[in-house]
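Note sheet for the following structure.
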Amino acid sequence: GAPVKLHDECAKKFYLEVSTQVEREERSNENMGKSLVYAVLGAIVGTIPTLITIFAFQYMIALLYALIPLASFYGYKYGNAARKSWVPAFVSIISLIIVVGMNLGLYYTIAIAENVTFSEALMVDEFKRALLGDLGTSILFLAIGIAIAWKKMYSQTTQAIKKDYEGLNG
């Protein structure tokens with residue numbers, strides 16, 4: 001953060017080294033499969049605090065939905081694959097799928113507890129309204145969570161790193 005004078009040649013050499021490393025990382029697909037699996041597992045783990053509050057308190061807390069994309073992103077990072085520019089979008093989509101699945105799973109469980117099939121439960125207007133209301137609220141909370149997490153995720157992608165070091169190329 002503090003301004004420091006750098007020799008132009010040193011700055012250019014450092015920029016060349018960083019940009020070469022970032023380009024190499026962007027082309028790499030090493031550990032990609034493992035990172036994608038860890039991203040899905042991270043999103044699932046990220047739902048645990050939300051599920052606890054729903055089951056224990058019958059209450060949704062919007063901020064807990066921010067944990068889902070963050071947990072997914074950190075799961076991806078744990079796999080040690082390159083953090084390409086599309087990773088935040090991938091994490092957002094995985095998080096959305098997990099949240100929709102979580103809601104459908106919760107309501108499927110409610111239907112089973114009432115000794116009816118999920119299809120039969122959907123025929124009941126009150127059940128359908130409750131499901132759609134909770135699904136909409138969950139997606140809204142997840143969107144807030146993604147907005148909170150997006151900057152953190154994007155700042156760690158190779159594209160953001162390249163952008164940060166562009167000034168050294170001057």
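Just so you know, these numbers come straight off a predicted model, no measurement behind them.
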### Query
Hey, quick one: are Leu51 and Ile97 part of the same hydrophobic cluster, counting side-chain heavy atoms closer than 4.5 Å, chains of contacts allowed?
no
#### Entry: Pair Tyr65, Ser138: side-chain N/O donor-acceptor within cut-off below 3.5 Å
yes
### Summary
Closest heavy-atom pair, Lys34 versus Gly79, reported as atoms and distance to 0.1 Å, is CE-O, 3.2 Å
### Task
Could you go through the side-chain contact (heavy atoms from CB on, under 4.5 Å) check for Thr109 and Ile112 one step at a time?
CA-CA 5 Å; Thr109 303; Ile112 297 302; 5.8 Å; no
### Task
Taking the side chain as every heavy atom from C-beta outward, state whether Leu104 and Leu131 have any pair of such atoms under 4.5 Å apart.
yes
### Query
Should Ile146 and Val100 be regarded as members of a common hydrophobic cluster, given that ILVMFWY residues are connected when their side-chain heavy atoms come within less than 4.5 Å of each other, either directly or indirectly?
yes
#### Entry: Nearest-0.5 Å distance, CE of residue Met32 to CD of residue Glu30
10.0 Å
### Message
Check whether Ser72 reaches the backbone of Gly42 with its side chain - one donor and one acceptor, N or O, closer than 3.5 Å.
### Response
no
#### Entry: Test item: Phe141 and Leu64 side chains (from C-beta on) under 4.5 Å apart, heavy atoms
no
### Message
Is there a side-chain contact (heavy atoms from CB on, under 4.5 Å) between Thr50 and Leu67? Walk through the geometry before answering.
### Response
CA-CA 9 Å; Thr50 302; Leu67 294 177; over 6 Å; no
### Task
Check Ala71 against Gly46 and note the closest heavy-atom contact, atom names and distance.
CB-CA, 3.7 Å
### Task
Evaluate whether atom CZ of Phe118 has more than 12 neighbouring non-hydrogen atoms of other residues, nucleotides or ligands under 6.0 angstrom away.
yes
#### Entry: With Tyr107 via side chain to side chain donor-acceptor pair (under 3.5 Å) - residues at least two apart
Asp134
#### Entry: Name of the residue among Ile68, Ile98, Ile94 meeting side-chain contact (heavy atoms from CB on, under 4.5 Å) with Ile44
Ile98
### Message
Distance check, rounded to the nearest 0.5 Å: Leu142 atom CG versus Thr137 atom OG1?
### Response
12.5 Å
#### Entry: Rounded distance [0.5 Å steps], CG in Asn31 versus CG in Leu36
10.5 Å
### Message
Tell me whether Ile110 shares a hydrophobic cluster with Met102, the cluster being built from Ile, Leu, Val, Met, Phe, Trp, Tyr side chains joined at under 4.5 Å.
### Response
yes
### Message
Nearest 0.5 Å, please: how far is CG in Asn103 from CD1 in Ile54?
### Response
6.5 Å
### Task
Enter the distance from Leu122:CG to Glu120:CD here, rounded to the nearest 0.5 Å.
10.5 Å
### Message
Given 3.5 Å as the limit, does a donor-acceptor pair link the side chain of Ser92 with the main chain of Pro88, or not?
### Response
yes
### Task
Look at the aromatic rings of Trp86 and Tyr76 and report parallel, tilted or perpendicular, splitting at 30° and 60°.
perpendicular
### Query
Same hydrophobic cluster for Tyr78 and Val37, using side-chain heavy-atom links shorter than 4.5 Å among ILVMFWY?
yes
### Message
With a 4.5 Å cut-off on side-chain heavy-atom distances among I, L, V, M, F, W and Y, is there a chain of contacts connecting Val45 to Tyr38?
### Response
no
### Side-chain heavy-atom pair Ile148, Pro69 within 4.5 angstrom cut-off
no
